[in-house]
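To keep things clear, I will list the structure first and then write my remarks on it.
Along the sequence shown, residues are numbered consecutively beginning with 1.
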Amino acid sequence: AEVVILAGEREIHRGDGGGVVALEWDTTTAHNGALTLTATLTDVFQRVAELSRDVVVDNGGPSLNIVSPGADTLLRNPFDFTAEVEDVGGIRAVRFLVSGVEAASLNEGPWTTRINPADFPPIGPKALEVIATDNGGEVTRRSINVEFGRPELQVTPVSPLPGDIIAEPFVFEVNAVGPNGVAAVSF
């Protein structure tokens with residue numbers, strides 16, 4: 001009897017067989033992703049029996065890209081720290097760090113967290129790092145350098161909103177925020 005084992009279309013074993021046939025297969029020779037393993041037994045009378053199993057090959061850590069903020073950016077106010085993370089075997093955890101201090105750890109996407117520079121004193125250069133771990137325990141790291149600066153004064157509209165139609169007396173309302181408080185708002 002002859003046993004032939006295929007990984008997708010590629011033959012990874014051919015030999016005499018019968019009983020238990022074991023194969024230690026180096027998965028690093030295959031592409032990551034879904035793959036069908038097929039064992040075909042042909043006996044001396046040319047009768048054929050076949051068995052297939054779908055598997056997922058995962059030969060490395062997750063793909064990881066820091067989406068925002070951009071490298072070498074001056075960040076004064078709270079911002080979204082966002083990463084794109086993918087892995088054929090799934091993601092176990094994604095950690096977000098600011099100069100080595102964990103800011104967030106997420107177990108499911110979307111892979112984003114809000115960072116307030118004021119929570120990570122002092123102002124100045126910082127390293128933003130993302131560490132992604134897949135379900136197989138493989139780890140990928142990416143980092144960028146940014147700078148945290150003093151917060152800016154912020155004035156945001158409350159009412160009326162863009163596109164509102166006003167016809168009678170109305171209240172013009174804003175939200176004013178400053179790092180050391182707000183002394184006055186003039187209209």
Side-chain angles (χ1 to χ4, degrees), residues 8 26-36 54-165 171-185 187:
D26 179 7
T27 61
T28 61
T29 63
H31 295 289
N32 282 347
L35 184 69
T36 300
D54 292 328
V55 297
V56 175
V57 177
D58 187 2
N59 284 318
S63 65
L64 171 58
N65 181 42
I66 295 175
V67 175
S68 69
D72 302 317
T73 303
L74 175 60
L75 302 163
R76 298 176 180 274
N77 298 307
F79 62 93
D80 288 333
F81 187 6
T82 303
E84 290 176 339
V85 184
E86 293 181 352
D87 189 85
V88 296
I91 302 298
R92 180 183 304 161
V94 175
R95 296 173 55 215
F96 293 86
L97 292 87
V98 176
S99 293
V101 177
E102 187 171 290
S105 182
L106 305 174
N107 296 321
E108 61 184 38
W111 309 112
T112 190
T113 189
R114 190 90 172 142
I115 301 291
N116 185 348
D119 294 339
F120 298 91
I123 62 171
K126 302 290 180 184
L128 299 182
E129 183 177 21
V130 179
I131 303 172
T133 306
D134 69 15
N135 286 332
E138 296 286 336
V139 175
T140 302
R141 297 171 175 259
R142 295 283 183 274
S143 65
I144 59 170
N145 293 316
V146 296
E147 183 153 343
F148 284 1
R150 294 198 187 285
E152 297 177 310
L153 296 174
Q154 294 180 317
V155 179
T156 54
V158 176
S159 69
L161 297 174
D164 281 357
I165 297 173
V171 175
F172 184 25
E173 192 175 8
V174 297
N175 183 27
V177 179
N180 300 314
V182 176
V185 176
F187 294 94

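L128 is listed as a side-chain neighbour of P69, based on a closest heavy-atom distance under 4.5 Å. Side-chain contact between V98 and I115: present, with at least one pair of heavy atoms (C-beta onward) separated by less than 4.5 Å. Under the 4.5 Å side-chain criterion, counting only non-hydrogen atoms from C-beta, D134 is in contact with D58. Contact check for V185 versus V174: side-chain heavy atoms found under the 4.5 Å cut-off. The shortest distance between side-chain heavy atoms of P117 and F79 falls below 4.5 Å. Residues F81 and I66 form a side-chain contact, since some pair of their non-hydrogen atoms from C-beta on lies under 4.5 Å apart. Using a 4.5 Å heavy-atom cutoff, the side chains of T112 and F96 are not in contact.
The neighbour count for R114 CZ, taken as heavy atoms of other residues, nucleotides or ligands under 6.0 Å away, is above 12.
Counting only distance, with no hydrogens or angles, the side chain of R76 and the backbone of R150 share a donor-acceptor pair below 3.5 Å. Checked by atom type and distance alone, the side chain of N59 pairs as donor or acceptor with a backbone atom of T27 at under 3.5 Å. Judged by distance alone, the side chain of S99 and the main-chain N or O of A127 form a donor-acceptor pair under 3.5 Å. Proximity of a side-chain donor or acceptor of D80 to a complementary backbone N or O of T82 within less than 3.5 Å is not detected. In this structure, N175 contributes its side chain and T156 its backbone to no donor-acceptor pair below 3.5 Å. Panel note: side chain D87, backbone I91; no donor-acceptor pair is recorded below 3.5 Å.
Nearest heavy atoms, A104 versus T113: CB-OG1, 3.4 Å. The shortest heavy-atom contact between G89 and N135 is O-ND2, 2.9 Å. Pairing each heavy atom of P62 with each of E138, the nearest pair is CD-O, 3.7 Å. Scanning both residues, P160 and F172, for their nearest heavy atoms gives CD-CD1, 3.7 Å.
Counting only residues at least two apart or on different chains, no ring-ring contact (aromatic ring centres under 6.0 Å, His included) pair has a member in residues 108-139.
Rounding to the nearest 0.5 Å gives a distance of 6.0 Å between CZ of F148 and CG of L75. To the nearest 0.5 angstrom, E129 atom CD is 11.0 Å from E102 atom CD.
Between E147 and K126 there is no salt bridge, since no side-chain N of the basic residue sits under 4.0 Å from a carboxylate O of the acidic one.
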Working note: I131 + V139, criterion side chain to side chain contact (heavy atoms under 4.5 Å, CB included); need CA distance, chi angles, decisive distance, verdict.
CA-CA 7 Å; I131 303 172; V139 175; 3.6 Å; yes

Please lay out, stage by stage, how D72 and N145 fare under the test side chain to side chain contact (heavy atoms under 4.5 Å, CB included).
CA-CA 5 Å; D72 302 317; N145 293 316; 4.3 Å; yes

